[in-house]
2 protein chains.
Amino acid sequence: MTASRALRGAADVSKETREKVLQQAERLNYVGNRLALSLSSQRTNLVAVVVPSMSNIVFPEMLAGISAGLRGSGMQAVFGISDYDMAKEREIIRDMLSWRPAAIIVTGLDQPAETVRMLQNAAIPVIQLMDLDGTPIDFNVGLSHGKAGEEMAKALLAAGRRRFGYIGSAIDRDLRAGKRKAGFEKVLRESGLAFVDERFNAAYSSVAHGKRLSMSMLAATRDLDCIYYSNDDMATGGAFACLELGISSPAEILIAGFNGLDVASALPVRIATSISPRRQMGEVAAALLLAASSGDGSQISEKIIAFTPEITGVD
Amino acid sequence: MTASRALRGAADVSKETREKVLQQAERLNYVGNRLALSLSSQRTNLVAVVVPSMSNIVFPEMLAGISAGLRGSGMQAVFGISDYDMAKEREIIRDMLSWRPAAIIVTGLDQPAETVRMLQNAAIPVIQLMDLDGTPIDFNVGLSHGKAGEEMAKALLAAGRRRFGYIGSAIDRDLRAGKRKAGFEKVLRESGLAFVDERFNAAYSSVAHGKRLSMSMLAATRDLDCIYYSNDDMATGGAFACLELGISSPAEILIAGFNGLDVASALPVRIATSISPRRQMGEVAAALLLAASSGDGSQISEKIIAFTPEITGVD
DNA sequence: CTGAAAGCGCTAACAT
DNA sequence: ATGTTAGCGCTTTCAG
């Protein structure tokens with residue numbers, strides 16, 4: 001018992017005893033057992049996080065934000081990858097909950113009812129991250145992808161663009177990309193417009209797919225002055241296609257994406273994008289959850305924290 | 001006791017009883033407690049993984065490989081980010097070991113002595129991933145970065161390149177990039193050559209930094225026919241710089257990187273790169289560790305699994 | 001096929 | 001300042 005106290009730096013241990021304990025611990029290469037600690041104390045330092053993918057840099061960046069936001073708090077993030085599969089996500093969450101995490105962070109807020117029930121039942125802070133379009137279970141940190149699509153369409157229309165193409169990927173699984181497209185289309189419709197051409201890829205977004213689909217669209221028609229992409233990876237491929245085909249961009253055709261990736265801003269052609277603060281969202285989620293589990297709920301004023309992506313490169 | 005058996009599908013439970021247990025579990029929204037399970041059974045399903053960064057897509061891809069390789073095994077990966085900081089890595093490892101993981105995967109094999117001692121003391125399979133240049137603690141899956149640098153230099157020399165520049169980032173912390181550079185330089189030296197110009201960035205690699213450093217190098221001298229970069233992110237920035245400056249690449253100046261990123265292969269200019277099988281390395285590490293902890297060590301023939309990166313785009 | 005006993009390594013609460 | 005007791009929720013082992 002005294003050793004236990006000394007090891008975790010409790011107050012009521014004589015300096016002398018503490019020294020001895022620490023010394024022996026060092027000598028024996030003692031490593032505490034968190035399983036026992038957590039089981040006994042009925043609390044863990046685990047934060048479960050579920051992301052849809054690791055192949056798109058935005059999720060790792062978000063994880064880095066969470067990890068950084070948690071640093072120093074003693075909390076430890078545990079990650080699971082759902083591959084954009086709701087059934088897989090449910091199993092991952094079930095599995096993670098069995099570790100009795102202090103909180104859980106999931107991507108988006110389109111979980112099916114059973115997953116929602118599981119999450120509610122866990123009786124821990126739940127944060128739904130990235131998206132804002134839907135009904136949150138508990139906390140919600142993100143941006144409205146529908147609105148992001150709308151705003152981009154408005155900005156492009158204001159800049160005089162009229163003939164739009166759309167290029168996307170796995171639109172059935174990447175729900176947030178779908179919401180952006182829907183928002184974009186809504187604004188187009190309100191101006192009596194529609195996409196001139198649409199091309200999709202069954203697989204997930206990548207620069208190569210963006211380029212390939214762009215090449216095929218541009219081979220079919222040049223009657224375009226803007227192409228909206230599901231994200232910046234795809235858009236980067238579009239920029240490459242323009243460069244290769246000698247299409248002057250943005251003059252002739254403006255490439256528009258979403259995320260504000262590092263690579264997009266360095267591109268030799270200017271592209272339009274909405275900058276999503278994914279790292280910051282992760283940090284904010286971490287801060288929120290720290291506040292929530294510190295018991296002092298009083299300092300939490302809002303359960304929903306909304307970000308607005310900044311649009312750049314339109315003109 | 002019977003419930004415990006029924007829940008984990010043990011054989012010796014009557015069908016009838018099992019049904020009843022499962023039904024009640026469902027009704028009560030029962031979620032098992034892994035803390036208790038692991039404490040009691042003296043084993044966990046956790047695999048600790050430490051990576052240096054989440055901002056470079058290669059590490060998330062490696063994690064995705066590990067995660068995929070573990071799927072179905074019941075094992076769960078837990079990730080920590082060291083920010084290329086050996087002291088931080090040590091603390092993360094210490095922390096992770098307190099969860100009594102079944103195995104641990106760390107990036108590279110340049111851990112300081114104290115970390116090595118901790119790892120050895122843990123008495124679990126240790127896999128050092130990505131690099132091969134050094135003395136492994138236990139298992140080692142990766143490629144020789146020194147050799148990768150050498151081979152790239154040889155290939156470039158064979159293709160007739162002679163006047164080389166080097167552009168890198170955080171070379172003091174990214175040891176593997178340093179090994180590639182050292183290998184490259186060694187081969188240059190053997191041909192009586194050396195880098196004409198070198199530029200470094202204190203921060204980590206990014207397309208933007210690659211572009212910036214390339215612009216400044218190309219403003220200082222054009223007496224180059226090849227620039228070797230610390231990796232493909234930086235090299236992509238170099239390709240962008242060439243495009244913007246109207247330098248014909250690869251004809252005039254060839255851009256050479258490392259990793260074989262998706263974006264690099266779609267670039268409108270051909271760049272040279274070594275394709276590192278990072279996802280596959282993750283999968284192999286997972287398979288290895290599964291074999292190692294299944295107790296059946298007999299099926300493990302090699303403790304060191306070496307990959308050879310394929311060089312592309314040199315000519 | 002089911003149950004009872006003991007214990008995993010730790011901490012909370014209560015002595016001393 | 002240190003020690004004692006009980007128990008976290010499960011599994012392992014041994015009995016029935």
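All values derive from a computational prediction rather than experimental measurement. Only heavy atoms go into these numbers, but all of them, side chains included; no hydrogens, no water, no symmetry mates. The sequence lines fix the lettering, A, B, ..., with proteins before strands; numbering per chain opens at 1.
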> Can you tell me if Asp138(B) uses its side chain to pair, donor with acceptor, with the backbone of Ile127(B) under 3.5 Å?
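No, the answer is negative, given that no donor and acceptor are paired below the 3.5 Å cut-off.
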> How far apart are the C-alpha atoms of Met86(A) and Thr115(A), what are their side-chain angles, what is the distance that settles it, and do they pass the side-chain contact (heavy atoms from CB on, under 4.5 Å) test?
CA-CA 9 Å; Met86(A) 289 300 188; Thr115(A) 305; over 6 Å; no
> May I ask you to verify if any side-chain N or O of Arg43(B) is less than 4.0 angstrom from the OP1 or OP2 atom of dT12(D)?
yes
> Closest approach of Gly134(A) and Pro136(A), non-hydrogen atoms and distance?
O-CD, 3.4 Å
> Would you kindly give the CZ-to-C1' distance between Arg5(A) and dA1(D), to the nearest whole Å?
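These atoms are roughly 8 Å apart.
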> Roughly how many Å is it from CD in Gln42(B) to C1' in dT11(D), rounded to a whole number?
10 Å
> Please identify each residue that fulfils salt bridge (Lys or Arg N to Asp or Glu O under 4.0 Å) with Asp174(A), with sequence neighbours left out.
none
> Specify the closest pair of heavy atoms between Ile81(B) and Lys88(B), including all atoms of both residues, with the distance to one decimal.
O-CD, 4.4 Å
> Any salt bridge linking Glu114(A) with Arg94(A)? Criterion: basic side-chain nitrogen under 4.0 Å from a carboxylate oxygen.
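Yes, Glu114(A) and Arg94(A) are salt-bridged.
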> Rounded to whole angstroms, how far apart are CZ on Arg34(B) and C1' on dC8(D)?
18 Å
> Should Ser41(B) be listed as having a side-chain N or O under 4.0 Å from OP1 or OP2 of dC10(D)?
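False: Ser41(B) side-chain N/O out of range (4.0 Å or more) of dC10(D) OP1/OP2.
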> Take atom CG of Leu37(A) and atom P of dG9(D), then tell me their distance rounded to the nearest Å.
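Distance check: Leu37(A) CG to dG9(D) P gives 15 Å.
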> Is the phosphate of dT11(D) approached by Ser4(B) (side-chain N or O, under 4.0 Å from OP1 or OP2)?
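Yes, Ser4(B) has a side-chain N/O under 4.0 Å of OP1/OP2 on dT11(D).
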> From CG of Leu7(B) over to C1' of dC10(D), roughly how many Å is that when rounded to an integer?
11 Å
> Between Ser40(A) and Leu39(B), which is nearer to the 5' end of DNA chain C once each is assigned its nearest nucleotide?
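Comparing both residues, the 5'-ward one is Leu39(B).
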> Under 4.0 Å from any heavy atom of chain B: name the first and the last nucleotide of DNA chain C that qualifies, 5' to 3'.
dC1(C) to dG9(C)
> What pair of heavy atoms forms the shortest contact from Phe59(B) to Ser53(B), and how long is it?
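Looking at all heavy atoms of both residues, the closest pair is CB-O, 3.3 Å.
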> Would you please test Arg176(B) and Asp131(B) for salt bridge (Lys or Arg N to Asp or Glu O under 4.0 Å) and show each step?
CA-CA 7 Å; Arg176(B) 284 170 294 284; Asp131(B) 197 0; 5.0 Å; no
> Assess whether side-chain hydrogen bond (donor to acceptor under 3.5 Å, both in side chains) is satisfied between Ser4(A) and Arg8(A), documenting all intermediate values.
CA-CA 6 Å; Ser4(A) 168; Arg8(A) 61 196 142 108; 2.9 Å; yes
> Would you mind classifying the nucleic acid contact of Ser38(B) as base, sugar-phosphate or nothing, using non-hydrogen atoms under 4.0 angstrom?
nothing
> Just how large is the angle between the end axes of the helix from dC1(C)-dG16(D) to dT16(C)-dA1(D), five pairs per end, to 10 degrees?
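Taking five pairs per end, the axes differ by 30°.
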